[in-house]
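Counting convention: from 1, in listed order, for ligands and their atoms alike. One-based numbering along the sequence shown.
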Amino acid sequence: VAAGRRGAVALALSRPFRADDVAYLEAFPELRLFARGDDVLAARGALPDPTDLPLSPFLDEPAPASPEQGFALARRIAERAHVPESDFPVACIVETTSGRLIPGVNVEHPTWSRILCAERNALGTLRSYGIDDPVRMYLTCTREPGCTPCGACRQLLAELTPEAVLWMDAPMPEGRSARTADLLPAFFSGTALYRTANTRDAA
Ligand code: THU
């Protein structure tokens, strides 16, 4: 959604789809998906648009030269947010050390607990594509200048990109910035969980 692409024709999962996965996806009628086997959902009647390929996570834009440029780009990307429930668009753009940009927008669902925030969508893309060098992020809520990440996003930002600097689109001309780990002091860290999992794997 953040890449501005439409017309997905199939979804494949690393495990069989569950009924709640299908129920979730059915809330996006434009996908027109139906089950083909246990782990593939395909769109009825649609064909791939060759101009839509390849699927790249990066924006075709140069790295912003200033926070203000980063916010201007984020505001443009926020127009892609899928916000039928709240009409409250949010966009988060992640910049890597080499100046590549990965976008995320909020994607809403009638069941509010299933709403995906812009920041976590961007982080999900980062992980999915194995991008491990984020340095900077630009966050905008176009209807609420000065907004900051929600608690769940702060937790994931602190866990996955603790050193990245988050620029928040605030009314002051230069915005407001923070190291992401500083946005959630004493954040939960599951070090012992990872240790347990590794011990289990080794055994
Ligand atoms: N939202 C985000 O995308 N990021 C945040 O950090 C806070 C909230 C979205 C979720 C929902 O679609 C809308 O903003 C209103 O809560």
Side-chain angles (χ1 to χ4, degrees), residues 1-6 8 11 20-21 23-31 57-59 61 64 67-96 101-129 131 134-172 174-190:
V1 174
R5 298 169 63 113
R6 294 291 179 271
L11 290 166
D20 62 324
D21 300 320
Y24 173 80
L25 291 162
E26 279 173 356
F28 301 95
E30 66 275 23
L31 292 178
F58 302 112
L59 290 177
E61 299 278 344
E68 195 43 54
Q69 276 186 18
F71 298 140
L73 181 58
R75 287 179 212 131
R76 265 170 46 213
I77 298 300
E79 289 169 18
R80 298 174 177 169
H82 181 68
V83 287
E85 304 300 320
S86 70
D87 196 24
F88 187 87
V90 185
C92 176
I93 295 178
V94 181
E95 184 182 330
T96 68
L101 305 174
I102 298 110
V105 293
N106 52 336
V107 174
E108 297 189 339
H109 189 272
T111 309
W112 266 68
S113 61
R114 292 181 154 178
I115 281 177
L116 304 169
C117 286
E119 301 92 313
R120 278 178 288 161
N121 266 336
L123 291 174
T125 304
L126 239 64
R127 289 296 278 200
S128 308
Y129 283 85
I131 300 161
V135 277
R136 225 165 273 121
M137 303 186 189
Y138 300 96
L139 175 67
T140 191
C141 306
T142 50
R143 292 204 193 290
E144 186 169 306
C147 84
T148 66
C150 75
C153 287
R154 287 177 195 224
Q155 174 67 34
L156 205 64
L157 288 164
E159 283 187 38
L160 297 186
T161 64
E163 300 302 328
V165 171
L166 178 71
W167 282 93
M168 293 161 273
D169 192 357
M172 43 279 228
E174 74 285 12
R176 184 192 300 155
S177 74
R179 187 175 154 268
T180 62
D182 294 340
L183 287 170
L184 194 58
F187 67 88
F188 169 78
S189 136

Per-atom contacts, ligand 1 versus Pro149 - under 4.0 Å to a heavy atom: 6 (O)
Ser86 and Glu108: side-chain donor and acceptor closer than 3.5 Å? yes
What is the nearest protein non-hydrogen atom to atom 16 (O) of ligand 1, stated with its residue, atom name and distance? Trp112 CZ3, 3.9 Å
Could you tell me whether Arg76 and Glu61 make a salt bridge, using a distance below 4.0 angstrom between a side-chain N and a carboxylate O? yes
Please report which non-hydrogen protein atom sits nearest to atom 9 (C) of ligand 1, along with the residue it belongs to and the distance in Å to one decimal place. Asn106 ND2, 3.4 Å
What protein heavy atom is closest to atom 15 (C) of ligand 1, reported as residue, atom name and distance in Å? Phe88 CD2, 3.8 Å
Give yes if a backbone or side-chain nitrogen or oxygen of Val90 is under 3.5 Å from a nitrogen or oxygen of ligand 1, and no if not. no
Can Arg75 and Glu68 be counted as an ion pair, charged N to O under 4.0 angstrom? yes
Out of curiosity, is Val83 lining ligand 1, as in a heavy atom under 4.0 Å away? no
With a 4.0 Å cut-off on N to O distance, would you call Asp87 and Arg143 a salt bridge? yes
What protein heavy atom is closest to atom 1 (N) of ligand 1, reported as residue, atom name and distance in Å? Cys117 SG, 3.7 Å
Option nearest atom 10 (C) of ligand 1 (shortest heavy-atom distance, choices Ile115, Asn121, Leu139): Ile115
Indicate yes or no: does an N/O atom of Ala118 lie under 3.5 Å from an N/O atom of ligand 1? yes
Tell me whether Cys150 and Cys117 have SG atoms closer together than 2.5 Å. no
Numbering as shown, the atoms of ligand 1 that approach Glu108 to under 4.0 Å (heavy-atom distance): 11 (C), 12 (O), 13 (C)
Supply the atom-to-atom distance Trp112 CH2 to Glu85 CD, rounded to the nearest 0.5 angstrom. 7.0 Å
With distance as the sole test, does Arg80 use its side chain to make a donor-acceptor pair with the main-chain N or O of Ala2 at under 3.5 Å? yes
Tell me the protein heavy atom at minimum distance from atom 7 (C) of ligand 1, and give that distance in Å. Cys150 CB, 3.9 Å
Looking only at N/O atoms, are Ser86 and ligand 1 under 3.5 Å apart anywhere? no
Interatomic distance, CD1@Ile93 vs OG1@Thr140, rounded to 0.5 Å, equals 9.0 Å
Taking only heavy atoms of Glu119, which atoms of ligand 1 are found under 4.0 Å from at least one of them? 2 (C), 3 (O), 4 (N), 5 (C), 6 (O)
Flag the pair Arg154 and Asp182 as a salt bridge only when some basic side-chain nitrogen lies within less than 4.0 angstrom of an acidic carboxylate oxygen. no
